Amino acid sequence: MTEPFRMALALVTGLALGTLFFYGLWLTVRLSLASRVPALWVLGSFWLRAGSVGAGFYFVGSGGDWRALLACLVGFVAARYLVAAGTRPATPPTPPIPSPLPHAS
């Protein structure tokens, strides 16, 4: 396998791992808010996401090339920004209008 191809593959792998991790985090927060047992969602999701990402980085790093790990990390961090931009609501939420409170004069 040629060097540029291996770096591109590591970058794409990092993008996939980052998308899995950060979209999974976003989904976990949304599901845990509506759940009766949110701790189960949070802990289960964390172990699944961390295990998947750890295994992916281990697989990329098993070749012994630190540049492939760096490319994977760059893809992982880039995926964080892509997922954040993709999951942002179309319109920002408006703050509630405060009702006037009665006060002593």
Side-chain angles (χ1 to χ4, degrees):
M1 193 177 337
T2 64
E3 188 69 22
F5 180 73
R6 187 176 18 201
M7 292 302 121
L9 187 61
L11 181 71
V12 169
T13 302
L15 281 168
L17 290 173
T19 302
L20 172 80
F21 187 86
F22 292 111
Y23 186 75
L25 176 61
W26 178 79
L27 195 61
T28 298
V29 170
R30 291 184 52 99
L31 291 174
S32 66
L33 289 174
S35 174
R36 291 181 54 211
V37 190
L40 188 61
W41 277 104
V42 172
L43 290 175
S45 171
F46 169 73
W47 286 112
L48 184 65
R49 289 180 294 114
S52 300
V53 169
F57 271 95
Y58 180 79
F59 179 72
V60 169
S62 64
D65 188 9
W66 64 270
R67 292 172 297 193
L69 272 176
L70 183 63
C72 189
L73 180 63
V74 167
F76 185 84
V77 172
R80 183 235 185 258
Y81 292 103
L82 293 173
V83 170
T87 56
R88 187 171 294 127
T91 59
T94 57
I97 299 171
S99 59
L101 297 174
H103 61 290
S105 301

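Predicted model only: the values in this text are computed from it and were never measured.
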- salt bridge (Lys or Arg N to Asp or Glu O under 4.0 Å) pairs touching residues 83-98, sequence neighbours excluded, are none
- Query: Which residues, ordered by chain and number, are linked to L20 in its hydrophobic cluster, where ILVMFWY side chains connect at heavy-atom gaps below 4.5 Å, directly or through other members?
  - Reply: none
- Message: If hydrophobic residues (ILVMFWY) are linked whenever their side-chain heavy atoms come closer than 4.5 Å, directly or via other members, who joins V37 in its cluster?
- Response: L40
- Just jot down the salt bridge (Lys or Arg N to Asp or Glu O under 4.0 Å) partners of R6, sequence neighbours excluded, or say none. E3
- Task: State which residues pass side-chain hydrogen bond (donor to acceptor under 3.5 Å, both in side chains) with S45; sequence neighbours excluded, sorted by chain then number.
- Result: T28, R49
- Message: S62: which residues meet the side-chain contact (heavy atoms from CB on, under 4.5 Å) condition with it, sequence neighbours left out?
- Response: none
- Given a cutoff of under 4.5 Å between side-chain heavy atoms of I, L, V, M, F, W and Y, with clusters grown through shared members, what are the other residues clustered with L15? L82
- Note on the structure: salt bridge (Lys or Arg N to Asp or Glu O under 4.0 Å) pairs touching residues 22-37, sequence neighbours excluded, are none
- What pair of heavy atoms forms the shortest contact from S32 to W41, and how long is it? CB-CB, 4.0 Å
- Excluding V12, membership of its hydrophobic cluster (Ile, Leu, Val, Met, Phe, Trp, Tyr; side-chain heavy atoms within less than 4.5 Å) reads none
- Query: In chain order, what residues pass the ring pair (Phe, Tyr, Trp, His ring centres under 6.0 Å) check against Y23, with sequence neighbours excluded?
  - Reply: W26
- Item | Verify same cluster id: V60, L11 (apolar side-chain graph, 4.5 Å) | no
- Query: Honestly curious: do L27 and V53 fall in one hydrophobic cluster under the side-chain, below-4.5 Å linking rule?
  - Reply: yes
Can you list, pair by pair, the side-chain donor-acceptor contacts under 3.5 Å of residues 64-77, counting residues two or more places apart and other chains?
residue: D65; atom: OD1; partner: R67; partner atom: N; Å: 3.2
residue: D65; atom: OD1; partner: R67; partner atom: NE; Å: 3.2

